[in-house]
Amino acid sequence: MDRAFKVFAVLLGFVGFSFAQELKACYRAYLFFMPVAETCITYKQQNNNLKVESFVRTINVGKAVKRVYNRGDAEIELPDLSPRRFVYYQEEGEFKRYQEYIFGGGKIKTTEIKYVKLSEQIEKKEEKEYNYRGYVDPYTASLILYRDSARVNKGTVKMFYDDKEYLLPYGVVGREKIDTPAGSFIARKIEVHPNIETKGLLKPRGTWYLWIDEETNLPVRMELKFAIGSASARLERVDGDKNLLRSVLSAKR
């Protein structure tokens, strides 16, 4: 019996360890106080590898106006935040495509598949290769923004997307207390200029504002503009290790 108890305790320890290495943050986007979209981002750390997964989908009246269901994931090497793989699948209105980027050996190998409307019929498939010059995928770029904005008030983030390299300027414009359904946070307010030309309905426009919690480095509020309109998103729920991002982004390189 004593041996069985010890084995059970060890198993519980493994479960606790696994749980401590995962963080899930869920948000809702609002238009005139009505929820129109929801998104969840999950971060999973295993040794020197970080996997990020997310989805965004329209709900309620947002779904009736423009149906959006996007999902993706990325694999990132720690502690340098070096991209390894990026996958993104889009369904926006009648636009549907799949993208994959593989980083390695000083190259970025990309695959893009476009479909006939929302069917499974492939309209076009392209495979390309680019020299890697420090421009990272969108998931990695977001983490670099969270990390660097805690260190310097102004800067740029290098991002590769849709066959192009972008320099995304940002600036910390203040600190505010933000109240959300997930709690109250003291957050730094970041102004970002997403000068990105991409495909689909969710084309960034104008100036974006993000509020990043000073303690956890987790986004708690976002004011975003797209070609189809604007949305205000706020943190609704946090599960798992709330300090995971702080640990990952403060690790010595």
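Only this structure's heavy atoms are used, side chains among them; waters, hydrogens and symmetry mates stay out. This chain uses plain numbering: 1 for the first residue, then up along the sequence. The structure displayed is predicted, hence computed values, not measured ones.
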Report summary line: Heavy-atom nearest pair, Y115 first then R97, reads CD1-CA, 3.9 Å
**Report entry** I108-Y98 co-clustered via ILVMFWY side chain contacts under 4.5 Å
**Finding:** no
**Report entry** Connected via hydrophobic side-chain network under 4.5 Å: Y139 and I102
**Finding:** no
**Report entry** Min side-chain heavy-atom separation Y27-I41 under 4.5 Å
**Finding:** yes
Query - Hydrophobic cluster (4.5 angstrom, side-chain heavy atoms) - remaining members for Y69 - result: F55
Query raised in the report: Which atom names give the shortest non-hydrogen contact between Y132 and P83, and what distance separates them?
Result: OH-CD, 3.6 Å
**Report entry** Presence of salt bridge, E77 and R84, under 4.0 angstrom
**Finding:** yes
Report task. Flag the pair Y209 / I190 as yes when at least one side-chain heavy-atom distance between them is below 4.5 Å, and no otherwise. Result -> no
Requested in this report: Using a strict cut-off of less than 4.0 Å between a Lys/Arg side-chain nitrogen and an Asp/Glu carboxylate oxygen, indicate whether R57 and E38 qualify as a salt bridge.
Outcome: yes
**Report entry** Side-chain touch L168/T156, heavy atoms, less than 4.5 angstrom
**Finding:** no
**Report entry** Residue of the set V52, N217, V248 for which side chain to side chain contact (heavy atoms under 4.5 Å, CB included) holds with L143
**Finding:** V52
Query raised in the report: Hey, is R133 close enough to E165 for a salt bridge, meaning N to O under 4.0 Å?
Result: yes
Query raised in the report: Does a side-chain heavy-atom distance below 4.5 Å link R147 with L245?
Result: no
Requested in this report: Assign the ring pair F86 / Y88 to parallel, tilted or perpendicular, where the plane angle (0 to 90°) is split at 30° and 60°.
Outcome: parallel
**Report entry** Close side-chain approach of W211 to P219, heavy-atom, < 4.5 Å
**Finding:** no
Report task. Check the pair E191 / K189 against salt bridge (charged side-chain N to carboxylate O under 4.0 Å, His left out), numbers first and verdict last. Result -> CA-CA 7 Å; E191 180 181 82; K189 181 179 179 181; over 6 Å; no
Query raised in the report: Sequence neighbours excluded, which residues qualify as salt bridge (Lys or Arg N to Asp or Glu O under 4.0 Å) partners of D179?
Result: none
Query raised in the report: If you look at every heavy atom in A37 and I59, which pair is closest and at what distance?
Result: N-CG1, 3.6 Å
**Report entry** Pairing residues for E75 by the side-chain hydrogen bond (donor to acceptor under 3.5 Å, both in side chains) criterion, not counting sequence neighbours
**Finding:** none
Report task. Mind running side chain to side chain donor-acceptor pair (under 3.5 Å) on Y43 and Q45 for me, showing each step along the way? Result -> CA-CA 7 Å; Y43 306 90; Q45 181 188 2; over 6 Å; no
Query - Straight-line distance of E236 CD to C40 SG, nearest 0.5 Å - result: 9.5 Å
Query - Test salt bridge (Lys or Arg N to Asp or Glu O under 4.0 Å) applied to K124 - qualifying residues, sequence neighbours left out - result: E126
Query raised in the report: What distance do I144 atom CD1 and I76 atom CD1 have between them, rounded to the nearest 0.5 Å?
Result: 8.5 Å
Query raised in the report: For E91, what residues pass the side-chain hydrogen bond (donor to acceptor under 3.5 Å, both in side chains) criterion, not counting sequence neighbours?
Result: R67, Y89
Query raised in the report: Hey, what do you get for CG (D213) to NZ (K242), rounding to the nearest 0.5 Å?
Result: 10.0 Å
Report summary line: Residues V220 and T180: closest non-hydrogen pair is O-CG2, 3.6 Å
Query raised in the report: Below 4.5 Å, heavy atoms only, C-beta onward: do R234 and Y30 meet side chain to side chain?
Result: yes
Report task. Would you give the length of the straight line joining atom CZ of R221 to atom CG of L235, rounded to the nearest 0.5 angstrom? Result -> 13.0 Å
Requested in this report: List the steps, then state whether side chain to side chain donor-acceptor pair (under 3.5 Å) holds for T42 with E53.
Outcome: CA-CA 5 Å; T42 302; E53 301 174 342; 5.0 Å; no
Query raised in the report: Taking only residues two or more places apart in sequence or in another chain, which ones pass salt bridge (Lys or Arg N to Asp or Glu O under 4.0 Å) with E123?
Result: none
Query raised in the report: How does the hydrophobic cluster around V173 look, that is, which other residues are in it when side-chain heavy atoms under 4.5 Å mark a link?
Result: none
Query raised in the report: When rounded to the nearest 0.5 angstrom, what is the spacing between CG in L244 and CG in L218?
Result: 10.0 Å
Requested in this report: Please list, chain by chain and in numerical order, all residues satisfying side-chain hydrogen bond (donor to acceptor under 3.5 Å, both in side chains) with K128, sequence neighbours excluded.
Outcome: D163
Query raised in the report: Can you list every pair that meets salt bridge (Lys or Arg N to Asp or Glu O under 4.0 Å) and has a residue in residues 98-109, with sequence neighbours left out?
Result: R85-E100
Query raised in the report: Considering residues at least two apart in sequence or located in another chain, which fulfil the side-chain hydrogen bond (donor to acceptor under 3.5 Å, both in side chains) criterion with E120?
Result: K96
Query raised in the report: Taking only residues two or more places apart in sequence or in another chain, which ones pass salt bridge (Lys or Arg N to Asp or Glu O under 4.0 Å) with R188?
Result: E214
Query raised in the report: Any chain of hydrophobic side-chain contacts (each under 4.5 Å) joining I113 to Y130?
Result: no
Requested in this report: Name all pairs fulfilling the ring-ring contact (aromatic ring centres under 6.0 Å, His included) condition that reach into residues 162-186, sequence neighbours left out, sorted by first residue then second.
Outcome: none
Query raised in the report: Under 4.5 Å between side-chain heavy atoms, hopping through other hydrophobics if needed: is there a path connecting L81 to V87?
Result: no
Query raised in the report: Transitively linked via ILVMFWY side-chain contacts under 4.5 Å: L167 with L210?
Result: yes
